[in-house]
Amino acid sequence: MLVLWILFLLFMASIGLVLFAAFSNKKATQYLPPSGTFAKLGNTKLHYVDQGQGPVIVMIHGLAGSLQNFTYGVASPLAKNYRVICVDRPGCGYSTRPREADSSLEAQADTMALLLDHLGIESAVFVGHSLGGAISLAMAQRHPHKVKALALIAPLTHLPEETAPVFKPLDIASPLARQILAWTLAIPGTIYRMNVSLKVIFGPEKAPSDFAIRGGGILSLRPQNFITASKDLQQAKTSMPNIEDGYASMSTPISVLYGREDRVLSCKLNGEDLMDRMAGLNLTLVSGGHMLPVTQVERTVQFIADAAGKATGLAS
């Protein structure tokens with residue numbers, strides 16, 4: 001009888017966790033609904049915000065992020081002189097990705113190429129933050145004629161020996177385990193670790209008080225966000241060696257902005273050491289952490305404008 005009671009309690013607890021995840025998903029969507037346009041690209045529906053006119057800049061966010069990481073403050077100033085397109089990567093934010101779809105970093109780069117074709121854009125300057133930097137590099141390697149230049153902010157360029165502690169909860173190889181955790185323990189765990197995670201992701205700078213809505217942070221309370229981030233983490237382990245192998249043969253103009261005190265990715269391994277692997281790389285180091293598009297908006301805007309201005313001939 002005791003065993004039956006224990007099983008019953010476990011069952012009820014599981015139901016409660018699933019209901020809480022569904023409630024969290026609904027509330028996140030209510031507080032931060034889609035703000036852009038949707039494009040059907042093959043089996044992927046891509047959500048993006050398109051603003052401004054002029055030479056095109058495409059912005060790709062990082063792991064567990066969303067396009068709001070750029071619309072928070074960087075996109076609007078640049079849209080005065082450029083056409084700025086901020087994208088939710090496949091499976092992130094409000095973009096969809098079928099469970100069986102190829103989710104490699106190379107495939108995500110190919111999706112960005114399809115978006116350019118869909119919008120009738122021949123080429124663009126690509127801005128990539130964190131994991132979005134790796135995808136931007138893959139884009140330049142696979143579709144060089146579509147990339148005028150890269151402006152990478154705290155990019156992942158070197159596969160670390162082990163996953164950063166802040167992302168350890170996402171390091172799940174089993175798709176089934178990923179699904180189960182996403183709809184049970186992931187959301188309560190995210191809430192429990194929130195303060196510590198923000199101190200790492202933003203540190204040594206502080207996360208702004210309006211980041212949850214204006215910066216898209218609340219979308220981390222959706223189960224799909226956990227599933228996609230976990231899968232992206234696994235895909236990075238597979239894709240990065242191939243992307244790194246292509247550095248020596250790249251001819252795309254590349255600029256990199258890194259915070260010296262980045263607590264997520266090593267500034268040395270992913271920024272400074274990259275200069276030895278890529279000829280002509282322009283590296284800018286600043287005092288700051290990983291979330292420069294949010295914490296140092298003006299500096300990031302100037303960095304992107306400088307890189308885009310050189311590539312397009314438009315004065316910044």
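Atoms considered below: every heavy atom in the structure, side chains included; atoms not considered: hydrogens, waters and symmetry mates. As the structure is a computational prediction, the values presented were derived from the model and not from experiment. Residues: numbered from 1 along the sequence shown.
In terms of heavy atoms, Arg178 sits closest to Ser230 at NE-OG, 3.0 Å. Taking every heavy atom of both residues into account, Lys231 and Ser103 meet most closely at CE-OG, 3.2 Å. Nearest approach of Leu285 to Cys267, heavy atoms of both residues: CD2-SG, 3.5 Å. Among all heavy-atom pairs drawn from Val256 and Pro155, the shortest one is CG1-CD, 3.8 Å. Nearest approach of Phe167 to Leu233, heavy atoms of both residues: O-CD2, 3.8 Å. Between Val74 and Pro293, the shortest heavy-atom distance links the atoms CG2-O, 3.3 Å.
Sorted by first and then second residue, the ring pair (Phe, Tyr, Trp, His ring centres under 6.0 Å) pairs involving residues 208-248 (not counting sequence neighbours) are Phe202-Phe211. Pairs of residues two or more places apart, or lying in two chains, that qualify as salt bridge (charged side-chain N to carboxylate O under 4.0 Å, His left out) and include a residue from residues 46-75 are Asp50-Arg83. Identified under the salt bridge (charged side-chain N to carboxylate O under 4.0 Å, His left out) test for residues 242-255, with sequence neighbours left out: Glu244-Arg277. The stretch residues 52-81 participates, sequence neighbours left out, in no ring pair (Phe, Tyr, Trp, His ring centres under 6.0 Å) pair at all. Listed by first and then second residue, the salt bridge (charged side-chain N to carboxylate O under 4.0 Å, His left out) pairs involving residues 206-227 are Asp210-Arg214 (not counting sequence neighbours).
A 6.0 Å sphere centred on CD of Gln53 holds no more than 12 heavy atoms belonging to other residues, nucleotides or ligands. The environment of CD in Gln30 is crowded: more than 12 heavy-atom neighbours from other residues, nucleotides or ligands sit within 6.0 Å. In the displayed structure, Lys268 atom NZ is contacted under 6.0 Å by at most 12 heavy atoms of other residues, nucleotides or ligands.
Residues Lys27 and Leu221 are not in side-chain contact: their nearest non-hydrogen atoms beyond the backbone lie 4.5 Å or more apart. Residues Pro253 and Lys310 are not in side-chain contact: their nearest non-hydrogen atoms beyond the backbone lie 4.5 Å or more apart. Contact check for Cys86 versus Tyr48: no side-chain heavy atoms found under the 4.5 Å cut-off. Ile227 is not listed as a side-chain neighbour of Arg97, based on a closest heavy-atom distance of 4.5 Å or more. Between Val58 and Val56, the closest side-chain pair of non-hydrogen atoms falls below 4.5 Å. Within the 4.5 Å cutoff, side-chain heavy atoms of Pro90 are placed close to those of Leu46. The shortest side-chain heavy-atom distance between Val87 and Met59 does not fall under the 4.5 Å cut-off.
A donor-acceptor pair under 3.5 Å is absent between the side-chain atoms of Asn225 and the main chain of Gly93, judged by distance alone. For Asn270 (side chain) and Ser266 (main-chain N/O), a donor-acceptor pair under 3.5 Å exists by modelled atom type. Checked by atom type and distance alone, the side chain of Asp88 never pairs as donor or acceptor with a backbone atom of Ser66 at under 3.5 Å. The backbone N or O of Leu257 sits nowhere less than 3.5 Å from a side-chain atom of Thr284 that would complete a donor-acceptor pair. Remark: the backbone N or O of Gly91 is not paired with any side-chain donor or acceptor of Ser95 at under 3.5 angstrom. Panel note: side chain Glu261, backbone Gly288; a donor-acceptor pair is recorded below 3.5 Å. Side-chain N or O atoms of Gln51 include none that pairs as donor or acceptor with a backbone N or O of Thr71 at under 3.5 Å. Using modelled atom types, one side-chain atom of Thr111 and one backbone atom of Ala107 make a donor-acceptor pair closer than 3.5 Å.
Following chains of ILVMFWY side-chain contacts shorter than 4.5 Å, one can reach Val294 starting from Tyr31, so the two form part of one hydrophobic cluster. In the hydrophobic clustering of ILVMFWY residues, with side-chain heavy atoms under 4.5 Å counting as a link, Val196 and Leu170 come out apart. Side-chain heavy atoms closer than 4.5 Å link hydrophobic residues (I, L, V, M, F, W, Y) into clusters, and following such links, even through other members, never connects Leu269 to Leu274. Under a hydrophobic clustering in which Ile, Leu, Val, Met, Phe, Trp and Tyr are joined whenever their side-chain heavy atoms come within less than 4.5 Å, directly or via other members, Tyr192 and Val200 fall into different clusters.
Atom-to-atom distance recorded for Leu283:CG and Ile254:CD1 is 12.0 Å, nearest 0.5 angstrom. Between atom CZ of residue Arg193 and atom CD1 of residue Ile191 there is a gap of 10.5 Å, rounded to the nearest 0.5 Å. Here Thr96 contributes atom OG1 and Lys45 contributes atom NZ; the two are 5.5 Å apart, rounded to the nearest 0.5 Å. The structure places OG1 of Thr252 at 9.0 Å from CE of Met278, a figure rounded to the nearest 0.5 Å. A distance of 5.0 Å separates OG1 in Thr300 from CG in Leu292, rounded to the nearest 0.5 Å.
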Please report, to 0.1 Å, the donor-acceptor pairs under 3.5 Å made by any side chain of residues 32-39, with sequence neighbours excluded.
none

Distance-only donor-acceptor hits, side chain of residues 113-121, under 3.5 Å, sequence neighbours excluded:
| unit_1 | atom_1 | unit_2 | atom_2 | d |
| --- | --- | --- | --- | --- |
| Asp117 | OD1 | Lys146 | NZ | 2.6 |

Side-chain atoms of residues 126-142: list all donor-acceptor pairs with protein atoms under 3.5 Å, sequence neighbours left out, distances to 0.1 Å.
| unit_1 | atom_1 | unit_2 | atom_2 | d |
| --- | --- | --- | --- | --- |
| His129 | NE2 | His290 | O | 2.8 |
| Ser130 | OG | His290 | NE2 | 2.9 |
| Ser136 | OG | Gly132 | O | 2.8 |
| Gln141 | NE2 | Ile243 | O | 2.8 |
| Arg142 | NE | Asp110 | OD1 | 2.9 |
| Arg142 | NH2 | Asp110 | OD2 | 2.8 |

Inset, instruction - Output, in order, the C-alpha distance, side-chain angles, deciding distance and verdict of side-chain contact (heavy atoms from CB on, under 4.5 Å) for Ile57 and Ile304. - result: CA-CA 9 Å; Ile57 297 175; Ile304 296 171; 4.0 Å; yes

Inset, instruction - Check the pair Val125 / Thr312 against side-chain contact (heavy atoms from CB on, under 4.5 Å), numbers first and verdict last. - result: CA-CA 8 Å; Val125 174; Thr312 63; 4.1 Å; yes

Inset, instruction - Kindly indicate, with the supporting measurements, whether the criterion side-chain contact (heavy atoms from CB on, under 4.5 Å) is fulfilled by Met291 and Ile201. - result: CA-CA 7 Å; Met291 293 298 291; Ile201 294 171; 3.6 Å; yes

Legend entry - Stepwise side-chain contact (heavy atoms from CB on, under 4.5 Å) check, Tyr258 with Leu152: CA-CA 9 Å; Tyr258 240 108; Leu152 309 180; over 6 Å; no

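For Gln108, the side-chain hydrogen bond (donor to acceptor under 3.5 Å, both in side chains) partners are Arg89, Asp232, not counting sequence neighbours.
When hydrophobic side chains of Ile, Leu, Val, Met, Phe, Trp and Tyr are connected at separations under 4.5 Å, Phe23 ends up as a singleton with no cluster partners. Residues Leu67 make up the rest of the hydrophobic cluster containing Val49, defined by ILVMFWY side-chain heavy atoms closer than 4.5 Å, directly or through other members. Taking a 4.5 Å side-chain heavy-atom cut-off between Ile, Leu, Val, Met, Phe, Trp and Tyr, the cluster of Leu176 extends to Ile180.
Using modelled atom types and a 3.5 Å distance limit, the side chains of Gln224 and Thr228 yield a donor-acceptor pair. Side-chain contact, Asp171 with Thr163: a donor N or O sits under 3.5 Å from an acceptor N or O. Side-chain contact of Glu106 with Ser239: a donor-acceptor pair under 3.5 Å is present, judged by distance alone.
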